[in-house]
Amino acid sequence: MLKLPKEQAVSQPSSLGRRGFLIAAAGTGFTLAFLRADSSMAAGKAASVPAAAPAAPVFDPTIWFAIDRDGIVTVNIAKAEMGQHIGTALARIVADELEADWSKVRLHYVDSDPKWGLMVTGGSWSVWQNFEPLSRAGAAGRLALIQEGARLLRLPVAACTARLGMVHGRGRSISYGQIVRRGKLGRHYTPEQLSAIVLKTPQQRSLVGRAVQALDVPSKTDGTAVYGVDAEIDGMVYARPKIPPTRYGSTVLSIDDSAAKKIKGYLKAEALIDPSGTVPGWVMVYADSYATASRAAELVQVQWRAGAAAHVSEHDILQYGVKQIADPTLGARVVDDEGVEQAFADADHVLEREYTTATVLHFQLEPVNATAQQIDGVWHIHAGTQWQSLTLPVLAKALQVPESQVVLHTYLLGGGFGRRLNGDYCIPAALGAKAIGRPVKMICSRADDARFDSPRSPSVQHLRMAFDASGKVTAMQHEASAGWPTQVLAPAFLSKDKQGHPYDPFAIAGADHWYTVGAQRVRAISNDLANSTFRPGWLRSVAPGWTNWAVESFIDEAAQAAKVDPLDFRLSLLLATGRNAGSAPNATGGAQRLVQVLLRAAQKALWGTAMPKDTGLGIAATFGQERDMPTWTACVARVRVDRNTCMVQVEKLTMVIDAGTIVDPDGALAQAEGGALWGVSMAIHEGTAFVNGQVRDTNLSSYTPLRIADVPELDIEFIKSKEASTGMGEPPTTVVAPAIANAIFAAVGARVRHLPIRPDAVLKALDKYGAA
């Protein structure tokens with residue numbers, strides 16, 4: 001176990017105003033920092049950072065990296081590492097422009113502090129958002145080192161270059177470490193100067209897009225990596241919660257711990273008082289070890305008055321969504337072209353379908369946990385989290401202290417998949433420590449974790465398409481009802497339609513597809529019964545996990561109705577005109593890039609060739625999660641269906657991805673492989689249901705993710721590109737389920753419209769369509 005030293009309160013910077021960079025000496029190294037808007041440096045005055053002391057008040061030290069006297073480059077990572085190698089990816093962006101020696105680059109995962117700005121890891125945003133600023137940070141550092149290295153070498157700056165952690169010129173060289181030891185580093189960059197820095201061309205890059213050792217892998221393989229569950233503080237006690245019967249509205253009536261008192265090491269059980277409303281009705285069981293706390297929690301008997309959701313089922317939530325969609329006044333019109341009603345009124349024929357998805361749990365490997373301690377009036381919370389900036393104000397409200405008195409310490413995550421965007425598990429640990437007056441380490445069991453999860457909401461979607469007499473598509477409408485995680489957890493991130501109606505972009509993205517379909521309407525509806533039954537969460541791929549399932553299944557059905565090959569039908573709608581033409585810098589090329597990945601995937605998968613009996617190919621495409629950062633992805637699934645058992649075997653997935661510039665090739669491939677396999681898992685294996693306000697499946701005995709024996713062959717290819725780097729965490733997940741469903745239809749003529757795809761659904765579809 002990791003032993004944590006007693007910590008001191010963290011002083012907070014007074015300002016977040018920023019303009020330009022400051023490079024200055026700092027103790028035994030130098031740092032790169034943003035200047036404050038009111039900085040004296042901005043007025044041309046000198047500034048320095050004293051050793052082993054808080055930063056001077058003249059600037060806001062949002063530091064990207066530091067170089068010490070030995071030339072070791074430490075890159076500060078404000079993103080959560082959960083197996084996606086984000087530290088390696090971000091560090092190589094900095095190190096490439098900095099011309100650092102990769103063997104001397106280290107990672108430092110930072111704790112919460114306003115100086116880091118918004119701290120969130122999700123949405124496949126990390127590389128996309130940070131590529132440009134980190135590149136310029138590295139380049140600015142390189143220029144400062146070259147300038148000072150040239151002075152020390154007594155050479156003109158123009159005669160010097162940097163390479164592998166050294167400045168070279170006219171046959172002589174000096175290392176970055178020597179420059180730090182001997183030089184006088186100090187340089188100010190205005191925003192204009194930063195923007196004017198010429199970055200490397202793709203051909204000049206030595207780390208971005210190249211095969212290098214991932215910096216996070218050694219510690220994960222030798223056991224030295226530290227996860228939240230590894231945290232240990234002297235004098236702490238352990239706790240396991242008793243989860244109430246409903247997420248909201250449960251009230252503790254009585255606690256009987258008489259049986260638990262017979263266990264050696266048991267301390268007490270008490271109801272938590274939570275001013276934030278995060279864990280109403282929770283009872284915490286304390287002991288001197290987790291094993292004892294877990295055993296005692298099984299013996300403690302709690303009587304609750306349950307909340308209103310105690311009798312809500314999955315069927316209720318879905319049927320409520322159906323009724324919502326039938327009311328045209330509800331929700332927000334995310335896309336709302338003129339002429340939709342007229343196009344449907346004039347249509348020669350209309351295709352209309354409904355698609356549904358079940359509740360999906362995160363089930364990350366490391367169950368949620370947190371360790372809390374108060375030191376000198378400051379609360380220190382040790383946990384793996386994805387969105388520190390969302391969790392901090394809730395912790396402050398729960399503890400009834402200012403945010404400045406709460407620090408979230410960063411740890412590796414044993415899987416996140418969006419679960420740890422909601423850091424709600426930090427609150428009971430903190431409240432427990434406050435109540436008992438000692439440091440508390442709370443660990444949820446697997447079943448606790450499942451019951452306390454913020455799952456992906458069940459969804460209902462209704463799609464219509466209008467065709468004219470010639471078979472041309474003239475209109476399309478997509479309406480979706482689901483629980484809205486952003487509405488519940490981060491309402492400030494809601495968007496608004498043209499009429500001012502709010503909507504959750506993370507509960508409808510993907511429905512605003514890149515097909516040209518005439519007049520188009522997309523309507524998003526918040527399922528408030530879902531929102532009040534559980535706390536909807538973001539789960540890897542978020543909305544496109546269900547919206548792309550509906551869109552790509554529906555496009556296949558439309559192709560069938562039009563008697564056109566599914567690939568050809570898609571290509572006929574990908575015209576790259578109007579709003580689908582794309583825009584710089586992230587969506588350059590628009591729908592035409594989706595055409596390219598579709599054609600390449602079809603070519604690789606031998607689309608159109610004859611398949612063995614009961615075997616079929618299905619195709620689907622996606623742009624990922626958001627239109628302003630599309631990752632163009634196409635998948636062809638090869639599927640075999642056993643007509644006797646109706647079991648579906650996914651034999652192979654062929655996937656082609658255009659994510660622009662690939663920063664970390666091995667990491668991108670790992671992301672794609674993991675995403676694709678989770679796509680398979682959610683398509684035909686995973687899924688649960690709410691029964692009386694609780695998820696039905698609380699452990700891996702009945703909640704059955706993809707097993708290794710069912711892993712299909714994967715053929716994944718990346719399009720070589722010089723375009724802007726976009727996200728890799730989620731797009732490969734969203735495209736798999738519709739490709740599988742479309743392949744099932746190609747194999748046996750059975751059309752399934754619910755996820756997960758169970759054998760009984762395939763059997764019903766076979767019976768319904770009378771497939772031979």
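Both backbone and side-chain heavy atoms feed into the values below; hydrogens, waters and symmetry mates do not.
Using a 4.5 Å cut-off on side-chain heavy atoms (C-beta onward), Ser135 and Glu132 make no contact. Between Leu390 and Val120 there is no side-chain heavy-atom pair separated by less than 4.5 Å. Annotation: side chain of Ile93 is not in contact with side chain of Ser725 (no heavy-atom distance under 4.5 Å). Put simply, the side chain of Leu412 does not reach to within 4.5 Å of the side chain of Val226, judged on heavy atoms. Annotation: side chain of Trp607 is in contact with side chain of Ile619 (closest heavy-atom distance under 4.5 Å). Residues Leu143 and Tyr189 form a side-chain contact, since some pair of their non-hydrogen atoms from C-beta on lies under 4.5 Å apart. The side-chain heavy atoms of Ile657 and Ile716, taken from C-beta on, include a pair separated by under 4.5 Å. By the 4.5 Å heavy-atom criterion applied to side chains, Arg210 and Val208 are not counted as neighbours.
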task: Take Asn422 and Thr391 through the side chain to side chain contact (heavy atoms under 4.5 Å, CB included) test and state the conclusion after the steps.
output: CA-CA 7 Å; Asn422 176 14; Thr391 305; over 6 Å; no
- request: Decide side-chain hydrogen bond (donor to acceptor under 3.5 Å, both in side chains) for Glu730 and Ser124; before the verdict, give the C-alpha distance in whole Å, the side-chain angles of both, and the deciding distance to 0.1 Å.
  value: CA-CA 6 Å; Glu730 296 162 311; Ser124 301; 2.9 Å; yes
- request: Starting from the C-alpha separation in whole Å, work towards a yes-or-no answer on side chain to side chain contact (heavy atoms under 4.5 Å, CB included) for Thr633 and Phe623.
  value: CA-CA 6 Å; Thr633 306; Phe623 61 93; over 6 Å; no
message: Evaluate Asp715 against Lys604 for side chain to side chain contact (heavy atoms under 4.5 Å, CB included), listing each step before the verdict.
response: CA-CA 9 Å; Asp715 182 359; Lys604 288 169 64 68; 3.3 Å; yes
- prompt: Taking it one step at a time, do Lys722 and Gln203 satisfy side chain to side chain contact (heavy atoms under 4.5 Å, CB included)?
  reply: CA-CA 10 Å; Lys722 299 177 183 178; Gln203 293 78 12; 2.8 Å; yes
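Side-chain contact, Thr121 with Gln386: no donor N or O sits under 3.5 Å from an acceptor N or O. A donor-acceptor pair shorter than 3.5 Å cannot be found between the side chains of Trp632 and Thr622. Thr726 and Thr631 share a donor-acceptor pair across their side chains, judged by distance under 3.5 Å alone. Donor-acceptor pairing under 3.5 Å is lacking for the side chains of Arg593 and Gln596. There is a side-chain donor-acceptor pair under 3.5 Å between Asp216 and Thr88. Trp128 and Asn586 share a donor-acceptor pair across their side chains, judged by distance under 3.5 Å alone. A donor atom on one side chain and an acceptor atom on the other are not found under 3.5 Å apart for Gln388 and Trp116.
Remark: side-chain polar atoms of Thr734 are paired, donor with acceptor, to backbone N or O of Pro731 under 3.5 angstrom. Although no hydrogens or angles enter the test, the distance criterion places a donor-acceptor pair under 3.5 Å between the side chain of Gln193 and the main chain of Thr190. Arg69 places no side-chain N or O within donor-acceptor distance of the main-chain N or O of Gly177, the cut-off being under 3.5 Å. In this structure a side-chain-to-backbone donor-acceptor pair under 3.5 Å is present from Thr661 to Glu723. Looking only at distances, a side-chain donor or acceptor of Ser681 sits under 3.5 Å from a matching main-chain atom of Leu706. Using modelled atom types, one side-chain atom of Ser175 and one backbone atom of Gln178 make a donor-acceptor pair closer than 3.5 Å.
Seen from the ring of Trp514, Arg627 counts as a face-on cation partner, given the 6.0 Å and 45° thresholds.
Under the 4.0 Å criterion applied to side-chain N and carboxylate O atoms, Lys200 and Glu99 are assigned as salt-bridge partners. Using a cut-off of 4.0 Å between Lys/Arg side-chain N and Asp/Glu carboxylate O, Glu366 and Arg419 are scored as not salt-bridged. One finds no salt bridge joining Glu713 and Arg638 here, because no Lys/Arg side-chain nitrogen approaches an Asp/Glu carboxylate oxygen to under 4.0 Å.
For Trp387 and Phe493, the distance between ring centers is under 6.0 angstrom. The aromatic ring centres of Trp538 and Phe417 sit 6.0 Å or more apart.
Lys184 meets the side chain to side chain contact (heavy atoms under 4.5 Å, CB included) test with Glu148, Arg151; sequence neighbours excluded.
Here the closest non-hydrogen pair linking Ala739 and Cys635 is CB-O, 3.9 Å. Closest of all the heavy-atom pairs between Ala78 and Val110 is CA-CG2, 3.7 Å. When all heavy atoms are compared, the tightest approach of Ser126 to Leu90 is O-CD2, 4.0 Å. Closest approach of Ala139 to Leu199, counting heavy atoms only: CB-CD2, 3.8 Å. Among all heavy-atom pairs drawn from Lys79 and Tyr109, the shortest one is O-CD2, 3.7 Å. Residues Lys104 and Asp70 come closest through the heavy atom pair NZ-O, 3.8 Å.
Rounded to the nearest 0.5 angstrom, Ile67 CD1 and Ile72 CD1 are separated by 10.0 Å. Atom CE of Met728 and atom CD1 of Ile86 lie 12.0 Å apart (nearest 0.5 Å). A distance of 9.5 Å separates OG1 in Thr547 from CD in Gln625, rounded to the nearest 0.5 Å. Note that CG of Leu152 is 10.5 Å distant from CG of Leu145, once rounded to the nearest 0.5 Å. For the atom pair Arg570 CZ and Tyr515 OH, the distance stands at 4.5 Å (nearest 0.5 Å). Atom CE of Met119 sits about 8.5 Å away from atom CG of Asp113, to the nearest 0.5 Å.
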